[in-house]
Each structure stands twice: as structure tokens, then as C-alpha cells.
Amino acid sequence: MTKDGVFIKLKEVLVSEFGLEESDIRPEANLASDLDLDSIDAVDLIVKMKPYVSGKIEPEQFKHVKTIQNVVDVLCPPVP
């Protein structure tokens with residue numbers, strides 16, 4: 001899946017599963033301060049996104065994730 005595809009799916013999950021407003025979900029949106037998601041929500045989000053991305057998702061990769069774009073970048077790393 002492309003980064004655009006991951007962003008679209010991420011937005012769908014955040015709206016349907018977390019009750020967020022679609023207009024609030026922007027690449028630069030901060031998970032904690034803008035979207036009011038805590039670390040438990042972040043783990044839940046990873047679990048919900050797992051079926052839509054290829055490869056293994058390591059929780060360690062999410063230690064420094066702060067924004068929606070950071071989540072997209074971790075879920076869809078560049079192909080060497």
C-alpha cells in the first residue's frame with residue numbers, strides 16, 4: 001500500500017473507531033495535543049491498522065511517533 005493509501009485507511013479507522021472528525025486528521029496533526037489520543041489509543045490504532053499494511057509492525061518503531069505523518073511513515077517505510 002502506498003503512503004497515500006495508508007493515510008486514507010488511517011483516516012477511516014480514526015473516524016470510525018475513535019470518533020474523530022475527518023477534518024482534524026491532517027498529516028501534521030499531533031496525536032496527543034490535536035487528536036487527544038493517548039498511548040493506549042496508539043497501540044489500539046496499530047492493531048487496527050495491521051491488516052492493511054505489509055510486513056511486521058514493531059512496537060519499538062512507534063516510540064517516537066508524534067504526528068499522523070509519523071504514523072504513516074512507520075506503517076509504510078520506503079522501499080530500498
Side-chain angles (χ1 to χ4, degrees):
M1 186 177 281
T2 66
K3 285 191 182 214
D4 287 340
V6 170
F7 177 72
I8 290 167
K9 183 48 79 176
L10 183 62
K11 189 183 280 195
E12 289 173 9
V13 169
L14 287 167
V15 169
S16 66
E17 301 291 328
F18 293 87
L20 297 176
E21 294 293 324
E22 186 173 346
S23 60
D24 292 337
I25 305 165
R26 308 169 317 283
E28 67 278 3
N30 184 285
L31 298 175
S33 62
D34 295 332
L35 303 177
D36 201 28
L37 298 176
D38 60 22
S39 58
I40 303 285
D41 293 326
V43 170
D44 195 26
L45 179 60
I46 294 164
V47 170
K48 291 182 185 319
M49 288 299 295
K50 205 170 193 175
Y52 306 109
V53 296
S54 60
K56 190 173 181 185
I57 300 173
E58 296 291 338
E60 272 297 303
Q61 295 173 293
F62 283 85
K63 259 189 163 176
H64 303 288
V65 166
K66 302 279 187 233
T67 66
I68 292 291
Q69 186 61 53
N70 295 152
V71 174
V72 171
D73 292 341
V74 169
L75 292 176
C76 190
V79 178

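All values reported here derive from a predicted model rather than from experimental measurement.
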Point-to-point distance, once rounded to the nearest 0.5 Å, from NZ of K50 to NZ of K56: 7.5 Å

Heavy-atom pair of closest approach, residues L45 and V13: CD1-CG1, 3.9 Å

Spell out, as yes or no, whether a donor-acceptor pair under 3.5 Å connects the side chain of N70 to the backbone of T67. yes

Which value, rounded to the nearest 0.5 Å, describes the distance between E22 atom CD and E12 atom CD? 8.5 Å

The reported gap from CG in D24 to NZ in K11 (rounded to nearest 0.5 angstrom) is 10.5 Å

Where V71 and V65 come nearest, the two heavy atoms and their spacing: CG2-CG1, 3.3 Å

Membership question, hydrophobic clusters at under 4.5 Å side-chain separation (ILVMFWY): are M1 and L10 in the same one? yes

Roughly how far apart are L75 CG and Y52 OH, rounded to 0.5 Å? 12.5 Å

Kindly give the heavy-atom pair with the smallest separation between L31 and I68, and that separation in Å. CD2-CD1, 3.7 Å

Distance from K66 atom NZ to D34 atom CG, nearest 0.5 Å? 13.0 Å

Would you give the length of the straight line joining atom CG of D41 to atom CD1 of I46, rounded to the nearest 0.5 angstrom? 11.0 Å

So, for T2 and C76, which heavy atoms are closest and what is the spacing to 0.1 Å? C-SG, 3.7 Å

Restricting to non-hydrogen atoms, name the atom on F7 and the atom on I25 that form the minimum distance, rounded to 0.1 Å. CZ-O, 3.6 Å

